[in-house]
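A short write-up of the structure that comes next.
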Number of protein chains: 4
Amino acid sequence: MPRVAAEVRAKREGARRTQILEAAAHVFSRKGFAGATISEIARAAKLSEGSIYNYFRSKEDLLINIPQHLVQSVLVPLAGDAPVPATPEEAERLLRLLAGAMVDRVRAHAPFLKVFLSTLPYLSPAARRAYMQLLPTYAAEVLERFLREGARRGVFRKDLNPVIAARALPGMLLMFLMTQEVLLGRQMIRYGYDEIVPEAVHIFLYGAAPREARARIRHPEGGRT
Amino acid sequence: MPRVAAEVRAKREGARRTQILEAAAHVFSRKGFAGATISEIARAAKLSEGSIYNYFRSKEDLLINIPQHLVQSVLVPLAGDAPVPATPEEAERLLRLLAGAMVDRVRAHAPFLKVFLSTLPYLSPAARRAYMQLLPTYAAEVLERFLREGARRGVFRKDLNPVIAARALPGMLLMFLMTQEVLLGRQMIRYGYDEIVPEAVHIFLYGAAPREARARIRHPEGGRT
Amino acid sequence: MPRVAAEVRAKREGARRTQILEAAAHVFSRKGFAGATISEIARAAKLSEGSIYNYFRSKEDLLINIPQHLVQSVLVPLAGDAPVPATPEEAERLLRLLAGAMVDRVRAHAPFLKVFLSTLPYLSPAARRAYMQLLPTYAAEVLERFLREGARRGVFRKDLNPVIAARALPGMLLMFLMTQEVLLGRQMIRYGYDEIVPEAVHIFLYGAAPREARARIRHPEGGRT
Amino acid sequence: MPRVAAEVRAKREGARRTQILEAAAHVFSRKGFAGATISEIARAAKLSEGSIYNYFRSKEDLLINIPQHLVQSVLVPLAGDAPVPATPEEAERLLRLLAGAMVDRVRAHAPFLKVFLSTLPYLSPAARRAYMQLLPTYAAEVLERFLREGARRGVFRKDLNPVIAARALPGMLLMFLMTQEVLLGRQMIRYGYDEIVPEAVHIFLYGAAPREARARIRHPEGGRT
DNA sequence: GATGAATGAGTCTTCATTCAT
DNA sequence: TATGAATGAAGACTCATTCAT
């Protein structure tokens with residue numbers, strides 16, 4: 001068998017898979033996983049129902065493969081090689097960039113996130129874990145390193161908990177993203193992300209308390225609720 | 001017809017509805033909306049399938065009515081009448097209480113939140129809006145007032161945007177709650193909420209930057225992405 | 001709950017099951033298991049497709065239950081209490097009766113036997129075993145006892161192997177039954193069962209060899225092929 | 001066109017057909033006709049699915065052609081030219097050989113016989129007839145001639161019905177073969193074929209009745225059930 | 001001739017909903 | 001009002017067959 005033919009075939013198979021997954025993602029995001037039908041996905045992919053099964057084992061298999069082939073490239077290299085900041089001003093600039101990028105991505109992939117959120121809780125544990133690893137973990141780890149390094153250089157508090165903080169900052173934005181983009185599908189407050197992002201980053205860096213108050217304060221030491 | 005009988009009837013009908021909705025909420029949270037069957041809900045409610053249709057028009061009708069009867073009372077009056085703080089220390093204490101309460105509630109209702117998240121994006125817009133109003137909005141408005149008042153009294157920065165900030169604080173916690181309680185169902189980081197909540201509140205109040213840095217800083221003024 | 005209602009319900013359920021199984025047996029015997037469709041069975045049972053599944057878990061479940069509820073009573077008490085013969089003449093008379101009864105039964109249930117034969121080899125081992133026990137085993141054991149007792153009383157050869165002989169006699173007839181009734185569905189030779197049965201029984205009792213030859217013969221002593 | 005090429009082509013076509021039929025027989029016997037797929041047969045034949053349709057019109061066409069090309073040569077010439085026996089002792093020896101050969105063949109082809117049994121009842125009448133002629137008929141006719149000749153020479157009873165008897169002897173063994181080899185796939189009684197065959201042949205020749213009884217007996221004269 | 005992707009008709013099975021009792 | 005059997009529409013999935021390459 002000529003190797004060329006095999007390559008061509010492999011490429012065409014890849015194209016078909018992408019074509020189907022795009023159709024599936026589209027239908028899933030409009031109807032949800034349960035509400036989507038293979039028939040509709042096939043129509044969207046301009047294929048017959050049977051053909052779908054030449055490339056994927058089941059409807060759930062489609063779902064599981066969507067992030068791998070479709071969203072992957074977008075989610076992973078979020079802040080791959082963010083430089084370590086030298087000053088708070090630089091930190092603020094970098095964090096705004098990072099946060100802005102995160103917002104853009106979530107907004108761009110809101111349809112997929114809907115599917116993700118509505119399906120995940122009822123997937124098999126294995127599928128769930130595989131799914132989860134794709135998402136915020138990586139971003140959080142990058143940010144964690146960023147904070148840890150920055151703290152060592154005195155750009156952040158020495159007593160800052162980088163694990164918690166690295167999730168708190170995206171969380172601030174997540175609230176807006178979740179309600180506006182994913183759940184409601186429309187804006188709820190009168191501020192745009194160009195106002196939200198700087199404000200959130202500023203709070204993250206300098207807090208909500210007035211300047212005088214900050215001067216007196218030390219690190220929290222636990223004790224909850 | 002004696003009015004007493006009518007009252008008794010109405011009360012019994014209400015009891016039946018509650019009984020059914022509780023069963024439905026229970027089954028929905030284990031199986032999801034699509035995965036739940038009327039048969040299973042009927043069994044959980046110790047009724048027959050037919051009887052459910054004497055009280056609700058359809059399966060979706062059950063879903064729509066769950067928050068009205070069940071969750072409302074639990075989620076809404078989160079911080080109904082939080083006092084206005086006089087000092088930053090008191091604000092920190094109050095915010096810790098508020099945040100802790102929010103965490104407790106979300107954790108207690110995680111199963112229902114799963115249903116909420118998985119179903120909401122695909123409901124009719126009207127149902128979606130009705131659903132949404134019950135949840136974080138109200139809490140956010142309470143917090144918003146709290147911040148606005150506090151700012152006026154100098155406990156928070158004068159230039160703090162209370163609308164954004166009131167959503168940023170719950171968001172910080174939301175990140176942990178979403179991934180751990182709702183999506184994954186297990187702890188992901190090595191800190192418990194008794195460490196997360198104070199740290200988040202502290203960041204919210206005083207920021208991640210070191211004290212010296214804060215002294216120099218002014219308010220952000222927009223410019224994004 | 002009144003017990004009477006439960007009884008009525010149980011009886012009606014039994015009637016429905018029988019009704020469905022009869023329809024299934026009918027369709028299976030015409031089309032085979034694989035060729036039959038639930039839709040056709042439902043039509044034959046004058047029910048909707050869905051109703052079938054209120055009484056049986058699957059198409060295979062129908063198949064497995066057919067002998068239990070339908071054919072059982074016919075196959076089991078074949079020669080339940082055949083008297084022990086005192087003379088060879090009586091033995092011949094009794095064996096003709098027995099063989100004739102067997103022929104009648106197989107012919108009466110030929111449609112079911114078709115299904116049985118075509119399906120059995122591809123059932124799960126457990127189902128297969130359960131299925132098998134219903135059929136020739138019992139008949140063979142009755143005959144075995146009959147031969148063993150007869151041999152003790154001198155009506156059959158003392159050195160006759162009753163286990164083998166008890167299967168050889170039905171086997172003689174089985175050849176005709178299998179080819180004519182089950183496989184071909186029409187007569188293949190010019191003799192009817194009223195001639196076949198006596199001849200087979202006679203051979204079974206007195207052999208194909210001429211009288212003179214028999215006088216000289218002893219028992220076989222193994223050594224095969 | 002050169003005739004040589006045509007011959008080569010015909011021969012290659014024959015080889016391809018055999019290759020496919022062997023694969024089909026193999027798959028059919030493991031999965032049954034309905035359970036087998038063209039895809040699996042193609043894999044077993046080391047061909048593509050499409051190629052099969054260059055040689056056979058349909059899946060059923062494969063089934064119908066299996067005996068012609070495969071089983072024919074094995075099953076047919078069972079006792080092609082059995083010599084006519086001169087004495088009862090020789091007859092017994094020959095019959096044992098014949099019966100043993102039959103047992104061996106059935107056992108060797110048990111997998112195919114399963115397919116045969118499960119498929120035949122639901123084939124078209126024509127296919128059924130074609131199928132049937134290959135099998136026991138021919139063997140029975142050989143045995144019939146053997147018995148008829150032997151009777152003429154006084155080795156068997158003059159009043160023996162050779163048509164019936166020629167089917168009764170194989171039938172004796174058929175009972176064991178059917179239950180053990182075809183239906184159950186495992187031994188059911190504690191005797192091996194090396195004991196079953198001689199015993200069955202002995203019964204066939206000399207009967208189950210004791211010697212004294214035989215001396216008194218005449219031919220049966222009908223009258224049934 | 002060989003290939004194997006594409007097709008779509010055909011099946012089993014599920015389940016929300018209805019309705020006679 | 002309560003029941004639960006009956007219904008049948010709908011959907012995932014299979015696979016024999018076709019056909020462009």
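Below, chain A is the first sequence line, B the second, and so on; all start at residue 1.
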| Does any N or O in the side chain of B/Glu49 come within less than 3.5 Å of the main-chain N or O of B/Ser39, such that one atom is a donor and the other an acceptor? | no

| Side chain of D/Thr119, backbone of D/Phe116: donor and acceptor closer than 3.5 Å? | no

| Relative to the 5' end of DNA chain F, which residue comes earlier, A/Ile38 or B/Arg16, by the nucleotide with the nearest heavy atom? | B/Arg16

| query | Short question: side chain of C/Lys59, backbone of C/Ala36 - any donor-acceptor pair under 3.5 Å? | reply | yes

| field | Nearest-Å distance for atom pair CG/C1', residues D/Leu62 and F/dC15 | value | 14 Å

| task | Using Watson-Crick or G-U wobble geometry with both distances below 3.5 Å, tell me the partner of F/dC13, or none. | result | E/dG10

| said: Quick one: does any side-chain atom of C/Lys114 pair with a main-chain N or O of D/Tyr122 as donor and acceptor, under 3.5 Å? | reply: no

| message | Taking C/Thr37's backbone N and O only, do any of them form a donor-acceptor pair with C/Lys31's side chain (distance below 3.5 Å, no angle check)? | response | no

| task | Using heavy atoms to find the nearest nucleotide of DNA chain E for D/Arg12 and B/Ala34 separately, return the residue whose nucleotide is more 5′. | result | D/Arg12

| field | First encountered from the 5' end of DNA chain E, between C/Phe33 and D/Glu13 | value | D/Glu13

| task | Report the distance from atom CZ of B/Arg17 to atom C1' of F/dT1, rounded to the nearest whole Å. | result | 16 Å

| field | Atom-to-atom span, CD1 of D/Ile41 to P of F/dT14 - whole angstrom | value | 18 Å

| request: Name the nucleic acid region contacted by B/Ala36, choosing base, sugar-phosphate or nothing; use a 4.0 angstrom heavy-atom cut-off, strictly under. | output: sugar-phosphate

| Under a 3.5 Å cut-off for both distances, is E/dA5 Watson-Crick or wobble paired, and to whom? | F/dT18

| query | Once you round it to whole Å, what is the distance between C1' of F/dT1 and NZ of B/Lys11? | reply | 20 Å

| query | Tell me, which of residues 43-61 of chain A have any heavy atom that sits under 4.0 Å from an atom in DNA chain E? | reply | A/Leu47, A/Ser48, A/Gly50, A/Ser51, A/Asn54, A/Tyr55

| field | Atom pair CD1/CD1 of B/Ile20 and B/Ile66 - distance to nearest 0.5 Å | value | 11.5 Å

